[in-house]
Amino acid sequence: MGRYKNVRIDGVLRREHDVVWEKANGMSIPPGHIIHHIDGNGKNNDISNLQLMTHKDHLRLHASLRAVGKDVVDPDDPEVVKHRQSQRDHYERHKEECRERNR
């Protein structure tokens with residue numbers, strides 16, 4: 001059994017967390033970004049557990065977690081809360097730029 005749940009959409013197999021995030025946000029995952037499972041559980045695809053991140057930030061996050069011997073980030077940690085708000089702000093700016101380009 002794999003680490004992630006998959007779904008078939010129009011004959012194409014996709015990771016369920018990507019589909020959940022895209023439906024909730026009304027857009028495709030931007031190039032160079034991935035959807036991160038905040039609690040570390042690749043099968044928990046609740047939208048509150050999904051976070052848009054750049055590939056680079058995602059690699060840094062997991063490298064820093066490994067360095068301190070952790071598997072997941074405490075979502076109530078003030079640094080995590082600050083980071084998530086920063087990611088939301090970045091996403092909102094990006095979403096608005098995409099909408100403007102498509103007008």
Side-chain angles (χ1 to χ4, degrees):
M1 186 175 225
R3 175 174 162 82
Y4 302 112
K5 292 180 184 177
N6 294 304
V7 293
R8 192 169 299 279
I9 309 254
D10 297 327
V12 177
L13 197 60
R14 299 207 45 218
R15 290 181 173 173
E16 184 181 64
H17 58 276
D18 291 346
V19 174
V20 169
W21 187 92
E22 289 174 343
K23 283 184 180 180
N25 290 282
M27 64 181 278
S28 297
I29 299 166
H33 289 72
I34 57 90
I35 302 305
H36 169 70
H37 289 87
I38 296 166
D39 69 0
N41 178 355
K43 296 193 186 292
N44 177 2
N45 293 324
D46 186 88
I47 191 63
S48 66
N49 188 47
L50 303 178
Q51 177 182 7
L52 177 70
M53 298 183 82
T54 65
H55 285 288
K56 189 175 185 177
D57 286 343
H58 189 244
L59 290 172
R60 278 188 193 142
L61 172 65
H62 283 282
S64 65
L65 289 173
R66 281 190 301 275
V68 295
K70 291 185 180 179
D71 293 326
V72 297
V73 175
D74 176 2
D76 297 322
D77 182 313
E79 286 298 312
V80 173
V81 171
K82 181 179 173 183
H83 178 74
R84 290 183 74 200
Q85 185 58 52
S86 171
Q87 289 292 315
R88 278 192 217 91
D89 293 345
H90 170 80
Y91 161 72
E92 289 300 324
R93 286 190 303 273
H94 179 78
K95 188 163 81 170
E96 189 57 36
E97 289 169 7
C98 289
R99 284 185 182 143
E100 288 297 318
R101 274 195 301 257
N102 291 328
R103 288 183 189 191

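The first residue in the sequence is number 1, and the count goes up from there. Worth knowing before you read on, the calculation uses all heavy atoms, side chains too, and leaves out hydrogens, waters and symmetry mates.
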Any side-chain donor near an acceptor of the partner, Asn45 and His37, under 3.5 Å: yes

Ile9 CD1 to Glu22 CD distance, which is reported to the nearest 0.5 Å: 9.0 Å

Gap separating the CG atom of Asp46 from the CG atom of Asn41, nearest 0.5 angstrom: 11.0 Å

Check: Asn6 side chain, Arg8 main-chain N or O, donor-acceptor pair, under 3.5 Å: no

Interatomic spacing from CD in Gln51 to CG in Leu61 - rounded to 0.5 Å: 7.5 Å

Partner of Asn25 under side-chain contact (heavy atoms from CB on, under 4.5 Å), chosen from Ile35, Leu50, Ile47: Ile47

Closest non-hydrogen atom pair between Leu52 and Pro30, with its separation: CD1-CD, 3.8 Å

Hydrophobic cluster membership, Val19 vs Tyr4, 4.5 Å side-chain cutoff: no

Asp39 to Asn49 - nearest heavy-atom pair and separation: N-OD1, 2.8 Å

From Lys43 atom NZ to Glu16 atom CD, the distance as rounded to the nearest 0.5 Å: 9.5 Å

Gap between atom NE2 of His33 and atom CE of Met53 - 0.5 Å precision: 9.5 Å

Euclidean distance, Lys56 NZ relative to Arg60 CZ, rounded to 0.5 Å: 4.5 Å

